[in-house]
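Notes for the one structure printed next.
Excluded from the calculations below are hydrogen atoms, water molecules and symmetry mates; all remaining heavy atoms, backbone and side chain alike, are included.
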Amino acid sequence: MTPTNPASVNVPRAWASCESCHSNGRLVGIWVDAVDAGDLTAEQVHAGSGVDWRTEGCEVKSRFTMVLTTVRESLRI
């Protein structure tokens, strides 16, 4: 999985973000292919953000995983 600019590819994409960080005023996330959305980890979502997800209380199975899994299932991919 390689994060890319969603406008540069013609596949369903999703912005995966951390709800905990968002609630604390930080925009942390990555663009991913919709087929990869259900397999994301908190570590992948926080990569390069400067936020240590372990000490900030972000969970490995957070809302972004559940929401994107639902998107993936609705697209049947």
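- The closest side-chain heavy-atom distance from Leu40 to Ile30 is below 4.5 Å.
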Go through Val51 and Cys21 one step at a time and tell me if the side-chain contact (heavy atoms from CB on, under 4.5 Å) criterion holds. CA-CA 9 Å; Val51 175; Cys21 287; 3.9 Å; yes

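- The closest side-chain heavy-atom distance from Arg13 to Asp33 is below 4.5 Å.
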Tell me, with the steps shown, if Thr41 and Trp53 meet side-chain contact (heavy atoms from CB on, under 4.5 Å).
CA-CA 11 Å; Thr41 65; Trp53 61 272; over 6 Å; no

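- A search for salt bridge (charged side-chain N to carboxylate O under 4.0 Å, His left out) contacts involving Glu56 returns Arg26, not counting sequence neighbours.
- The closest donor-acceptor contact from the side chain of His46 to the backbone of Ala42 lies under 3.5 Å.
- The two residues Val45 and Cys18 come nearest to each other via the heavy atoms CG1-N, 4.0 Å.
- Summarising the geometry, atom CG belonging to Asp39 is positioned 6.5 Å from atom CG belonging to Asp36; distances are rounded to the nearest 0.5 Å.
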